[in-house]
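So the structure is just underneath, and the comments pick up after that.
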There are 2 protein chains.
Amino acid sequence: MGRKSIADIRRTELAQAAFEVLAEHGLQGTTLQRVAAHTGASKASVLHYYATKQALIEAALRKGNSTLREEAVLYMRLAQTPWERFYAIIEANFSPTTYLPRMAHGWVAMCAEVPHNPQFARLQRVIYRRLNGNLRSALIAVEPDADAAERGANMVSLLIDGIWLRLGMQVGGLSREEALDHLESHLAQRYGTTPERLAARARMAEVAATLAAKTV
Amino acid sequence: MGRKSIADIRRTELAQAAFEVLAEHGLQGTTLQRVAAHTGASKASVLHYYATKQALIEAALRKGNSTLREEAVLYMRLAQTPWERFYAIIEANFSPTTYLPRMAHGWVAMCAEVPHNPQFARLQRVIYRRLNGNLRSALIAVEPDADAAERGANMVSLLIDGIWLRLGMQVGGLSREEALDHLESHLAQRYGTTPERLAARARMAEVAATLAAKTV
DNA sequence: ATATTGACTGACCCGTGGGTCAATAAATGA
DNA sequence: TCATTTATTGACCCACGGGTCAGTCAATAT
């Protein structure tokens, strides 16, 4: 029953491979040939499962995104207070398993294509809305003014984007810890160093650590 | 004597055209054909002036960068206090003549190639260092702690990157005014609303306005 | 008038990448 | 056992993009 057909297996295999190739070689460098080679299959075989390159890339991005999303959900489930939910989002965005140069490469490559590819634009909008929405809904509980919360959420998401961009370029790239420190310094300025916030931060950091240990 | 040879004229023409095409169509879409068409010349003619596509793109980016730099220098020359120098940088980065979707497209396209192209990486490093250095040297005058100034500079440059990235993607894109507002809100949090800062901000905004009027 | 130089181009070459197709091999079912 | 689907592939096609080349044309120099 839970048996996956070969077709399904191949499809996810290929999507995974496509994502890895994309991360390593950029969009231009992601040829059907290379993706095929990466799984030991033939180019024609790739086309057999994905009628067009576009479809393959799309599946690859969707997969990468869903991986990230699942992790976020995992963190979110363990969060109880607003600040904990907030830090769940942060930790998810800087988790050791996703905050990696290759991931960032793939992401930036996609960003660059957004203006020329409606599919990418759509996906990007989804990601953006989810992140901003989550941040806002967490902040609105600690910052009564909805407008202020909106601004705060935007600021944080802008910082995250900037940090990821740098990771992708390896120019002024920040380590996971440096990235979190930067964010923390901003939060301290903006929201003061209340015990609740610090506790939430510590708690989610711990959650992240244990989850990371389990995954490895 | 200041007479420019046809060769020089053509070369800058082509670099300009290449930049425009790059901004509009992305790196993949920047073909010799298109650049040629954009100036009314033939593909072979383009190759006549730039032996290789790589060389052409490089010239295009160099030109785009120098345009931005010249504007920054212009602003900088009129700044007198540290905060004025700081806002000169900000205004230069959000000047109406440069803070444009097409510019951002070009920039993001370049960012995406950085991991695969040493030339781009080098150029990006130069840009990054200049921006960060300028910000830091301005901030160090208002924030005695060198480490804090470094952090502050980094934060601002991260925000700028994030904002530009969004402009390039037109996802959560901010208008010039919104962008400046966001930055202002961050600065207010971090450095308080001192009269000097506000005065400097107003002064450089005015400078920017008059310069913009002159250029148009 | 002629030689020389430099601007400019059409035609061509070649590699590559997306996509098609028909054929073969393996699995599945009747 | 035979039929029918399904997996997989090599060979091929076509378009396009970078780059070469030989040669035309106009300006300048002698």
Original post:
Do B:R166 and A:N154 get their side chains close enough for a donor-acceptor pair, meaning under 3.5 Å?
Top reply: yes
Original post:
What side chain to side chain donor-acceptor pair (under 3.5 Å) pairs are there with at least one residue in residues 15-30 of chain A, not counting sequence neighbours?
Top reply: A:Q16-A:E20, A:Q16-A:K63
Original post:
Just to confirm, is there a sub-4.0 Å distance from OP1 or OP2 of C:dA7 to any side-chain nitrogen or oxygen of B:H48?
Top reply: yes
Original post:
Considering only C:dG17, C:dA7, C:dG19, which nucleotide approaches the side chain of A:T31 most closely?
Top reply: C:dG17
Subject >> Stretch residues 109-124 of chain A: residues that reach within less than 4.0 Å of DNA chain D through a heavy atom >> reply: none
Subject >> Closest nucleotide among C:dC8, C:dG19, C:dC21 to the B:S45 side chain >> reply: C:dC8
Subject >> Sorted by number, the residues of residues 34-42 of chain B with heavy-atom contact under 4.0 Å to DNA chain D >> reply: none
Original post:
Quick check: are there more than 12 heavy atoms from other residues, nucleotides or ligands sitting under 6.0 Å from CD of B:Q54?
Top reply: yes
**OP:** Pick base, sugar-phosphate or nothing for A:Y50, based on heavy-atom distances below 4.0 Å to the nucleic acid.
**Re:** nothing
Original post:
Can you tell me how far P of C:dG17 sits from CD of A:Q54, to the nearest Å?
Top reply: 18 Å
**OP:** Please report, rounded to the nearest Å, how far the P atom of C:dG15 is from the CD atom of A:Q33.
**Re:** 16 Å
Original post:
Do B:E71 and B:S95 have side-chain N/O donor and acceptor atoms under 3.5 Å apart?
Top reply: yes
**OP:** Taking ring pair (Phe, Tyr, Trp, His ring centres under 6.0 Å) as the test, write out the residues that go with B:H186, two or more places apart.
**Re:** A:H186
Original post:
Could you give the OH-to-C1' distance, from B:Y49 to C:dC8, as a whole number of Å?
Top reply: 7 Å
**OP:** Would you indicate whether B:R176, at its atom CZ, is surrounded by more than 12 heavy atoms from other residues, nucleotides or ligands within a distance under 6.0 Å?
**Re:** yes
Original post:
Is there a donor and acceptor pair, one atom on the side chain of A:K43 and one on the base of C:dG17, closer than 3.5 Å?
Top reply: no
**OP:** Starting at atom CD of B:Q28, determine the distance to atom P of C:dG18, rounded to an integer number of angstrom.
**Re:** 10 Å
**OP:** Evaluate whether atom CZ of A:R130 has more than 12 neighbouring non-hydrogen atoms of other residues, nucleotides or ligands under 6.0 angstrom away.
**Re:** yes
Subject >> B:F86: ring pair (Phe, Tyr, Trp, His ring centres under 6.0 Å) partners, not counting sequence neighbours >> reply: B:W83
**OP:** Starting at atom CD1 of A:I57, determine the distance to atom C1' of C:dG18, rounded to an integer number of angstrom.
**Re:** 12 Å
Subject >> Nucleotides bounding contact with chain A, strand DNA chain D, heavy-atom threshold 4.0 Å >> reply: D:dA7 to D:dG10
Original post:
When rounded to the nearest 0.5 angstrom, what is the spacing between NZ in B:K43 and CZ in B:R34?
Top reply: 13.5 Å
Original post:
Under 3.5 Å, is there a donor-acceptor pair between the side chain of A:W164 and the main chain of A:Y99?
Top reply: no
Original post:
Do the numbers put B:R203 on top of the ring of B:Y87, so that NZ or CZ is under 6.0 Å from the six-membered ring centre and no more than 45° off the axis?
Top reply: no
**OP:** Between B:R10 and A:A51, just flag the one whose closest nucleotide in DNA chain C comes earlier from the 5' side.
**Re:** B:R10
